[in-house]
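Since the structure comes first, as structure tokens, the remarks are kept for the end.
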2 protein chains.
Amino acid sequence: MILDSETKAVELPEDHGDEIRLWLRLLTCTTLIEGEVRGRLRERFDVTLPRFDLMAQLDKVPDGMTLSDVSKRMMVSNGNVTGLVERLVESGHLDRRTSDTDRRVQVIRLTKAGRAEFRRMAAEHQTWIADIFSDLSPKDVRELMRLLAKTKGSAQKSAQKRALQA
Amino acid sequence: MILDSETKAVELPEDHGDEIRLWLRLLTCTTLIEGEVRGRLRERFDVTLPRFDLMAQLDKVPDGMTLSDVSKRMMVSNGNVTGLVERLVESGHLDRRTSDTDRRVQVIRLTKAGRAEFRRMAAEHQTWIADIFSDLSPKDVRELMRLLAKTKGSAQKSAQKRALQA
DNA sequence: GCCAATTACTTGAACCCTAAAGAAATCTGG
DNA sequence: CCAGATTTCTTTAGGGTTCAAGTAATTGGC
């Protein structure tokens, strides 16, 4: 921070080129991998990535989750989940019922067929991911995990700050 | 690889949990930051992230690019670019003309107003990114850059393999 | 018990995105 | 020169995504 001739606070334009380049590289990596996974899911199982992700969330919980839970876990909007779930119920992968204790709440879970189908996809999906990251040593993986955890924390803090100002 | 009692090749299910966790963390980081940037762009400039990204590509080249170039650089489909460009031409940010030497080719560039608007947005955008990554030390940034470069290489190799098989 | 605030979800408009098919222009080998 | 292949872009169908507004159910203060 610098004080100019009229004694007002002035920000000098600092150089944030490194951070921008880091962000672009992070984005490129994710886009690349996401596209690859999307393509393989489509080719092999004729399923979209969002549907796969939703089923992955549900596979972890035998008793199902509410739409809000799913929305938070997937970091997507409520309206988005409504549509996704609708199509997956339609195709028989999901079971949906209104909660007994709160009639606003919809509880969804995988059907037997949906779970079987997901397990089949997940097994292959795992090998794709392993292949995609295969040039990284175990040490690289650990180090990347650590740095991404730090990045996530930093980003959350920044998002938190903004949320409070608004 | 293992040979079973009938001497057929069998793959044991290996544990790829670390790679999956790494991929999920990478995806979480990107989604988090992307959402934050999207929200701020909308709030401050009422512009979408894809439009900002397209303008960023064009800001780097005074003489414009073809739609195919943009499509490759942004890693999105051709049809997607067609629509995006249409809307940005409509709003006066972009200028679009058919190439003199090849009438299939459309060359787009920023208009004067478009470039000015982008520069204004980019300046703020930079500070957001810097803030989002502010917990990372310069060393962290360097190390992350290195590991992501390696990841990108690995992913590209994997994608290449698949492309050849198909 | 009642009403205001909150919560959970749905709907609608606008946009983003892909894959596949199609149209137009160019290139290439004979 | 010209027919087939290729390249560039557009179009279409089907989703995915957000935000904002709206509906229904629940909660909490009084």
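Residue numbering restarts at 1 for every chain, and letters A, B, ... go by the order of the sequence lines. These figures come from a predicted structure and were not determined experimentally. These numbers come from the heavy atoms of this one structure, side chains and all, not from hydrogens, waters or symmetry mates.
- Of the two residues contacting DNA chain C, namely A:D102 and A:R38, the nearest-nucleotide position lying further toward the 5' end is that of A:D102.
- A donor and an acceptor atom, one from each side chain of A:S68 and A:T66, are nowhere located under 3.5 Å apart.
- Ion pair A:K139/A:E143 not flagged as a salt bridge, since none of the NZ, NE, NH1 or NH2 atoms sits closer than 4.0 Å to an Asp/Glu carboxylate oxygen.
- Atom P of nucleotide D:dT7 and atom CZ of B:R103 are separated by 20 Å, given to the nearest angstrom.
- For the pair A:V81 and A:R42, nearest-nucleotide mapping onto DNA chain C gives the more 5' position to A:V81.
- Among the heavy atoms of the strands lying under 4.0 Å from A:S77 is at least one base atom, whether or not backbone atoms are also near.
- Between A:F118 and A:F52, the ring center distance clears the sub-6.0 Å criterion.
- Considering only the side chain of A:T48, D:dG15 comes nearest among C:dC15, C:dA8, D:dG15.
- No donor-acceptor contact under 3.5 Å links the side chain of B:R104 to the base of C:dT26.
- Residue B:N80 has no polar side-chain atom (N or O) positioned under 4.0 Å from OP1 or OP2 of C:dC16.
- Contact annotation: A:R87 reaches the phosphate of D:dG16 (side-chain N/O to OP1 or OP2, under 4.0 Å).
- Comparing D:dT26, C:dT10, D:dG15 by their closest approach to the side chain of A:R51 singles out D:dG15.
- Here C:dA8 is the nucleotide among C:dC15, D:dA25, C:dA8 with the atom lying nearest to any side-chain atom of A:S68.
- At the heavy-atom level, B:T82 lies under 4.0 Å from base atoms of the strands shown.
- Judged by distance alone, the side chains of A:D95 and A:T111 never bring a donor and an acceptor atom under 3.5 Å apart.
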